[in-house]
Enquirer: 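Here it is, the structure, as structure tokens.
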Amino acid sequence: MAPKLPNILVTGTPGTGKTTTSEMIAEATGLQHINVGEVVKSKKCYTQYLEEYDTHELDEDKVYKKIQTDMVKEGGKVVDFHTCEIFPESWFDLVIVLRADTNYLYDRMQKRGYNKRKLDENMECEIMQIVLEKAHESYDPAMIVELISNTVDDMESNVDRVKLWLDHWKSQHTE
């Protein structure tokens, strides 16, 4: 039996607005937001703490197991995480890759208190389009949408686009 509603992955370099956008999408559509970073922390889905990056090393198997039941069986989820390639294509109907100009991104990461190494690495990832590239390696290009997320207006516009996409999806998947 197919899910009643689609699953959407919102991914991008840290600081591009994944969580804010995902929360806005969930509020506007009634879909359920899953913040994978919070799941990783609350369910201890990591192997060790990496001090030089001020983050935990992800245990992909644990994350997969914790998220799988919610995703595959129910549908209707908006999942946000900076690493997209660990999830199977079959879990999602739409993959949104958020991008931000580096001046916006730098300011956001600085406000979060990222150390220099973490900030530099994330800036390099955005400049080199690493998350976008990983999305294209992991998912059907037809399901990937790249959206700019510099301002609140951008985020609101992105949510409006997702609402239109969802309405179209529902019209194509009614029984």
Enquirer: Kindly indicate whether the side chain of I34, heavy atoms from C-beta on, has any atom under 4.5 Å from the side chain of V78.
Expert: no

Enquirer: Does the side chain of N7 come under 3.5 Å of the side chain of D93 through a donor N or O and an acceptor N or O?
Expert: no

Enquirer: Counting C-beta onward and ignoring hydrogens, is there a side-chain heavy-atom pair between H33 and D80 closer than 4.5 Å?
Expert: yes

Enquirer: For the side chain of N35 and the backbone of V79, is there at least one donor-acceptor N/O pair under 3.5 Å apart?
Expert: no

Enquirer: Salt-bridge test for R117 and D120: reply yes if a basic N is under 4.0 Å from a carboxylate O, no otherwise.
Expert: no

Enquirer: Counting distance only, does the side-chain N/O of S149 pair as donor-acceptor with the main-chain N or O of L98 below 3.5 Å?
Expert: no

Enquirer: Using only atom types and a distance under 3.5 Å, with no angle test, would you say the side chain of K62 pairs donor to acceptor with the backbone of E60?
Expert: no

Enquirer: Has the side chain of H168 got a donor or acceptor atom that lies under 3.5 Å from a matching backbone atom of L164?
Expert: no

Enquirer: Are L9 and Y139 packed together at the side-chain level, in the sense that at least one heavy-atom pair is separated by less than 4.5 angstrom?
Expert: yes

Enquirer: Dump the intermediate steps for side-chain hydrogen bond (donor to acceptor under 3.5 Å, both in side chains) on S138 and E85, then the final yes or no.
Expert: CA-CA 6 Å; S138 305; E85 67 273 12; 5.2 Å; no

Enquirer: Judged by atom type as modelled, is there a donor-acceptor pair below 3.5 Å linking the side chain of D101 to the main-chain atoms of N103?
Expert: no

Enquirer: Would a hydrophobic clustering, with Ile, Leu, Val, Met, Phe, Trp and Tyr connected at side-chain separations under 4.5 Å, put L132 with L105?
Expert: no

Enquirer: Flag the pair I8 / I96 as yes when at least one side-chain heavy-atom distance between them is below 4.5 Å, and no otherwise.
Expert: yes

Enquirer: Please determine whether residues Y104 and M155 belong to a single hydrophobic cluster, defined as Ile, Leu, Val, Met, Phe, Trp and Tyr linked transitively by side-chain heavy-atom distances below 4.5 Å.
Expert: no

Enquirer: Is the shortest heavy-atom distance from the side chain of F87 to the side chain of V36 under 4.5 Å?
Expert: yes

Enquirer: If you measure from CD1 on I130 to OG1 on T13, what distance do you get to the nearest 0.5 Å?
Expert: 8.5 Å

Enquirer: So does Q48 have more than 12 non-hydrogen atoms from other groups sitting under 6.0 Å from CD?
Expert: yes

Enquirer: For atom CZ of R112, decide whether the heavy atoms of other residues, nucleotides or ligands shown that lie under 6.0 angstrom number more than 12.
Expert: yes

Enquirer: Considering residues, nucleotides and ligands other than Q110, do more than 12 of their heavy atoms fall under 6.0 Å from its CD?
Expert: yes

Enquirer: Side chain of D160, backbone of S157: donor and acceptor closer than 3.5 Å?
Expert: no

Enquirer: Between R99 and G12, is there a donor-acceptor pair closer than 3.5 Å when you use the side chain of the first and the backbone of the second?
Expert: no

Enquirer: Are V159 and L5 joined in one hydrophobic group, where the rule is that I, L, V, M, F, W and Y side chains link up if heavy atoms are under 4.5 Å apart?
Expert: yes

